[in-house]
Amino acid sequence: MLNANPNSQDYFFLELSSKVEYALLALIEMASHQAKFAPVTISEIVSKQPIPARYLEQVFTSLRRSGLVHSHRGSKGGYVLSREPWQITLLDVIASLEGDRKEKKQPDTSTLEKDVLYKIWYQANEASHGVLSRYTIQDLCQLRDERRQQNPMYYI
């Protein structure tokens with residue numbers, strides 16, 4: 001159970017859904033293969049990332065419909081990114097999977113207290129949009145690569 005203390009590291013206001021997490025992991029994997037210009041199959045992604053294949057198929061259906069990936073059929077088929085990794089933001093991925101969230105309108109029966117609450121929630125929403133639109137799939141790949149260099153694996 002999460003700690004109810006908002007100052008705790010275990011307290012999250014924003015949840016990362018499994019669907020978004022799996023999509024981001026898959027897109028990182030695809031961006032890593034981008035230089036080869038070959039489609040990446042779901043089985044290739046699943047072999048490197050802990051994602052259920054059937055669920056990933058559903059995720060890719062949403063990503064394809066939103067135009068973030070293209071599918072190629074045939075024996076050498078799979079998926080490719082529709083844009084460069086630096087052009088796909090985390091907000092793009094979230095919006096494609098979770099849908100565009102409509103701004104909640106203040107109720108007609110507004111009070112001073114409700115006005116204060118809505119103002120703060122609007123600021124929190126804007127801040128999260130700012131962060132999620134600032135980071136791209138390329139940024140995630142670079143952060144991963146930096147961590148790999150900080151923690152090299154030694155094999156004997």
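By convention here, the first residue in the shown sequence is residue 1.
- Residues Ala53 and Ile42 share a closest heavy-atom pair of O-CG2, 4.1 Å.
- When side chains are defined from C-beta on, Leu90 counts as touching Tyr135, because their heavy atoms get closer than 4.5 Å.
- At a threshold of 4.5 Å between non-hydrogen side-chain atoms, the residues Val69 and Val80 do not count as touching.
- Minimum interatomic distance between Leu97 and Val59 (heavy atoms only, all atoms of both residues): CD2-O, 4.0 Å.
- Salt-bridge formation is detected for the pair Asp92/Arg83: a Lys NZ or Arg NE/NH1/NH2 atom is positioned less than 4.0 Å from an Asp or Glu carboxylate oxygen.
- Residue Trp121 is not grouped with residue Leu112 when hydrophobic side chains (ILVMFWY) are merged at heavy-atom distances under 4.5 angstrom, including chains of intermediate members.
- Between Arg134 and Thr89, the closest side-chain pair of non-hydrogen atoms is not below 4.5 Å.
- In this structure, a donor-acceptor pair under 3.5 Å is present between the side chains of Glu44 and Thr41.
- No side-chain heavy atom of Lys119 sits less than 4.5 Å from a side-chain heavy atom of Val116.
- Rounded to the nearest 0.5 Å, atoms CG (Leu25) and CD (Gln49) are 4.5 Å apart.
- Put simply, CE on Met30 and CZ on Phe60 are 5.0 Å apart, with the number rounded to the nearest 0.5 Å.
- Between the OG atom of Ser82 and the CG atom of Leu68 there is a distance of 5.5 Å, given to the nearest 0.5 Å.
- Taken to the nearest 0.5 Å, the CD1 atom of Ile88 stands 4.5 Å off from the CG atom of Leu81.
- When all heavy atoms of Gly77 and Pro39 are compared, the pair lying nearest together is C-CB, 3.8 Å.
- In this structure, His72 places its NE2 atom where more than 12 heavy-atom neighbours from other residues, nucleotides or ligands lie under 6.0 Å away.
- Rounded to the nearest 0.5 angstrom, Leu63 CG and His70 NE2 are separated by 12.0 Å.
- Within the 3.5 Å criterion, the main-chain N or O of Leu91 finds no donor-acceptor partner in the side chain of Ser133.
- A donor-acceptor contact closer than 3.5 angstrom is absent between the side chains of Gln87 and Thr136.
- In this structure Tyr55 satisfies the ring-ring contact (aromatic ring centres under 6.0 Å, His included) test together with Tyr22, sequence neighbours excluded.
- The structure places CG of Leu24 at 13.0 Å from CD of Glu29, a figure rounded to the nearest 0.5 Å.
- Scanning both residues, Ile51 and Ala26, for their nearest heavy atoms gives CD1-N, 4.3 Å.
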Working note: Ser32 + Lys48, criterion side chain to side chain contact (heavy atoms under 4.5 Å, CB included); need CA distance, chi angles, decisive distance, verdict. CA-CA 12 Å; Ser32 300; Lys48 296 185 179 181; over 6 Å; no

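- Ser96 and Ser62 make their closest contact through O-CB, 4.1 Å (heavy atoms, listed as atom of the first residue, atom of the second, distance).
- Note: the hydrophobic cluster containing Leu140 also contains Val131 (ILVMFWY, side chain heavy atoms under 4.5 Å, direct or indirect links).
- Leu143 and Val93 fall into different hydrophobic clusters, where Ile, Leu, Val, Met, Phe, Trp and Tyr side chains are chained together by heavy-atom contacts under 4.5 Å.
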